[in-house]
Q: 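Right, I'll just put the structure down here and ask away after.
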Number of protein chains: 2
Amino acid sequence: MNAASFYAKAPKHLVAVDCIIFGFDEGRLKLLIMQRKVAPMAGEWSLVGGFVQEDESTDEAAARVLELTTGLDDIYMNQLHCYGNVNRDTGARVISVAYYALIRIKNHDKPLAREHGAHWLELHEIPELIFDHGKMIEDALAALRNNAQFHPIGFELLPEKFTLSQLRSLYEEIYRKTLDKRNFRKKILSLDVMEKLEEKDKTSSKKGAHLYRFDPEKYEALKRKGLVFEI
Amino acid sequence: MNAASFYAKAPKHLVAVDCIIFGFDEGRLKLLIMQRKVAPMAGEWSLVGGFVQEDESTDEAAARVLELTTGLDDIYMNQLHCYGNVNRDTGARVISVAYYALIRIKNHDKPLAREHGAHWLELHEIPELIFDHGKMIEDALAALRNNAQFHPIGFELLPEKFTLSQLRSLYEEIYRKTLDKRNFRKKILSLDVMEKLEEKDKTSSKKGAHLYRFDPEKYEALKRKGLVFEI
DNA sequence: GCAAAAGTGTTCTTACTACACCCATGG
DNA sequence: CCATGGGTGTAGTAAGAACACTTTTGC
């Protein structure tokens with residue numbers, strides 16, 4: 001077989017990207033989902049997605065789709081899985097590559113999201129979704145849990161400056177269990193990957209809590225020492 | 001936009017699967033790689049792969065491709081990652097979904113593999129591969145290491161009956177470090193996921209070593225107790 | 001002065017690490 | 001009888017889990 005027929009003989013497929021967009025606000029993990037605009041399943045709840053174009057990688061397609069609904073670029077994004085069942089999309093055979101993104105919910109373009117019919121919902125509020133999108137969310141949550149344990153990705157969900165209480169309640173949300181306040185502080189501070197700021201946050205207590213900032217250089221130093229971030 | 005044009009307007013892509021096939025033989029981790037038959041890059045070393053057909057899922061395509069070269073079905077296989085860069089394949093734009101497979105090297109159909117120009121090579125013998133296949137192997141090794149630590153997948157690479165020394169040397173290969181004999185035995189036996197057989201294997205010692213067999217039911221019992229397999 | 005969240009240490013238990021000798025057997 | 005790999009136990013150390021009170025300050 002020559003090269004031309006090798007490639008020419010092979011079938012072509014629609015390839016989509018779907019984004020599981022996590023945010024953290026008011027102490028709760030949230031997901032950005034939207035109401036589908038086209039048939040089949042128009043009006044039903046769905047993840048944010050789109051087709052991969054000729055001139056873009058799947059990563060680029062996911063970033064484009066994300067920016068279209070949130071106005072954000074340069075955000076943390078990870079490929080989750082490629083969903084390739086023949087009948088997963090009832091409108092046509094579509095292979096979908098799913099990505100999960102972690103965004104600072106305060107930073108996103110709220111009017112733009114509204115315009116696209118997108119809404120932030122807490123995990124327990126998520127309605128039934130089209131196709132295999134429910135499974136995608138389930139898988140993304142599992143991946144987020146695994147990933148958060150050994151990589152400093154939690155910080156992607158918090159504002160740049162945050163208190164230890166906020167950080168702890170984020171991990172409590174991710175792991176769905178309460179964490180001992182003293183042990184958590186001891187552990188995260190022992191890793192020495194954050195800078196302690198002079199400023200205090202007084203929005204949630206009269207005493208005020210110190211603000212911290214994740215320091216990528218300190219994290220690199222930790223890795224150079226051969227130690228692993230684990231929380 | 002109506003449904004017809006929504007799907008019709010989207011571009012279609014060639015979608016391939018590539019398999020990183022791990023085996024374990026003579027105390028060494030090995031990979032099955034082959035010499036490519038078609039241009040471009042004919043004759044160069046490559047992973048085993050093929051195009052996803054209209055009527056099969058990506059998982060099915062990977063299983064088909066694997067069976068074509070090894071004669072084996074019902075083998076352990078995991079999706080690794082979808083590689084979607086525009087120019088990753090120099091012959092055409094091809095999106096590739098990579099899978100890694102763990103096989104019992106003794107069981108595969110050797111003549112069939114030879115017929116396809118496939119060879120088992122140790123990790124340090126792997127030549128430069130076409131496209132991004134080298135990166136795929138790197139990623140697969142990292143995934144194998146992560147996965148082996150918390151899931152009982154090592155057993156997929158060993159014969160049904162194996163000695164503790166074989167099991168330990170497999171983990172030494174995967175982790176690329178020596179493991180203390182006594183601590184390893186203590187740890188793996190404490191998990192209680194293997195059945196100790198009466199038979200002994202005398203091929204590598206005069207005294208003979210007890211054979212063990214992985215017991216999926218014992219593993220399920222471990223999980224029910226809320227404990228995690230970790231080695 | 002009191003409510004509400006911030007901040008702080010110690011003890012106990014458990015799991016991992018390091019380490020060296022005897023055993024059984026085929027040749 | 002000896003060379004070879006199989007098999008075993010203990011002591012020290014480090015990390016995680018459990019747990020309660022004092023501090024600050026706005027109202």
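Labels below follow one simple rule: chain letters A, B, ... track the order of the sequence lines, proteins then strands, and each chain is numbered from 1. The model shown is predicted, which means the values in this text are computed figures rather than measured ones.
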Q: Looking only at side-chain atoms of B/Lys187, point me to the closest of C/dC16, C/dG9, C/dA5.
A: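 The nucleotide sitting nearest to the side chain is C/dC16.
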
Q: Which two nucleotides bound the region of DNA chain D that has atoms under 4.0 Å from heavy atoms of chain A, read 5' to 3'?
A: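 Boundary nucleotides touching chain A, in 5' to 3' order, are D/dG16 to D/dG26.
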
Q: How many whole angstroms separate atom NZ of B/Lys177 from atom C1' of C/dC16?
A: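 Result: 11 Å.
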
Q: Reckon B/Ser165 touches a base, only the sugar-phosphate, or nothing at all at heavy-atom distances under 4.0 Å?
A: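 It contacts sugar-phosphate atoms only.
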
Q: I'd like to know whether CD of A/Glu128 has more than 12 heavy-atom contacts from other residues, nucleotides or ligands below 6.0 angstrom.
A: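 For A/Glu128, atom CD is not crowded (no more than 12 foreign heavy atoms under 6.0 Å).
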
Q: Check whether more than 12 heavy atoms from other residues, nucleotides or ligands sit under 6.0 Å from atom NZ of A/Lys110, and answer yes or no.
A: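 12 or below, so no.
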
Q: Identify, between A/Lys202 and B/Tyr212, the residue whose nearest nucleotide on DNA chain D lies closer to the 5' end.
A: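 Upstream on the strand: B/Tyr212.
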
Q: Would you mind telling me which residue lines up with the more 5' stretch of DNA chain C, B/Glu230 or B/Ser205, judged by nearest nucleotide?
A: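 It is B/Glu230 whose nearest nucleotide is closer to the 5' end.
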
Q: If you measure from the Lys or Arg side-chain nitrogens to the Asp or Glu carboxylate oxygens, is any gap between A/Glu44 and A/Arg36 under 4.0 Å?
A: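 No, A/Glu44 and A/Arg36 are not salt-bridged.
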
Q: Hey, does the side chain of A/His210 come within less than 4.0 Å of C/dA6's phosphate (OP1/OP2), counting only N and O?
A: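 For C/dA6, neither OP1 nor OP2 has a side-chain N or O of A/His210 closer than 4.0 Å.
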
Q: What about A/Lys207: does its side chain form a donor-acceptor pair under 3.5 Å with the base of C/dG7?
A: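 Checked by distance alone, the answer is no.
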
Q: Check whether any side-chain nitrogen or oxygen of A/Lys206 sits under 4.0 Å from OP1 or OP2 of C/dA3, and answer yes or no.
A: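 Checking C/dA3 against A/Lys206, no side-chain N or O comes under 4.0 Å of OP1 or OP2.
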
Q: Using whole Å, what does the distance between atom C1' of nucleotide C/dG7 and atom CZ of A/Phe184 come to?
A: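 Distance, rounded to whole Å: 14 Å.
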
Q: How many whole angstroms separate atom NZ of A/Lys181 from atom C1' of C/dG9?
A: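 The answer, rounded to whole Å, is 14 Å.
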
Q: Look at the side chain of A/Arg185 and the base of C/dA6, then say whether one donor and one acceptor between them are separated by less than 3.5 Å.
A: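 Result: no qualifying N/O pair found.
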
Q: Is it true that atom NZ of B/Lys106 has more than 12 heavy atoms of other residues, nucleotides or ligands lying nearer than 6.0 Å?
A: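 No.
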
Q: Can you confirm whether more than 12 heavy atoms, excluding those of B/Glu230, are under 6.0 Å from its CD atom?
A: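 Atom CD in B/Glu230 is packed in, count exceeds 12.
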
Q: If you assign each of A/Lys186 and A/Gly208 to its closest nucleotide in DNA chain C, which residue comes earlier from the 5' end?
A: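 Residue closer to the 5' terminus by nearest nucleotide: A/Gly208.
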
Q: Which atom names give the shortest non-hydrogen contact between A/Val52 and A/Ala61, and what distance separates them?
A: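 So the two residues come closest at CG2-CB, 4.0 Å.
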
Q: A/Asn183 has an atom CG; how far is it from atom C1' of C/dT10, in whole Å?
A: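 From A/Asn183 CG to C/dT10 C1': 11 Å.
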
Q: Identify whether the distance between the nearest side-chain nitrogen and carboxylate oxygen of A/Arg64 and A/Glu60 falls below 4.0 Å.
A: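 Looking at A/Arg64 and A/Glu60, the cut-off is not met.
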
Q: Starting at atom CG of A/Leu179, determine the distance to atom C1' of C/dA6, rounded to an integer number of angstrom.
A: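 So the CG-C1' distance, A/Leu179 to C/dA6, works out to 17 Å.
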
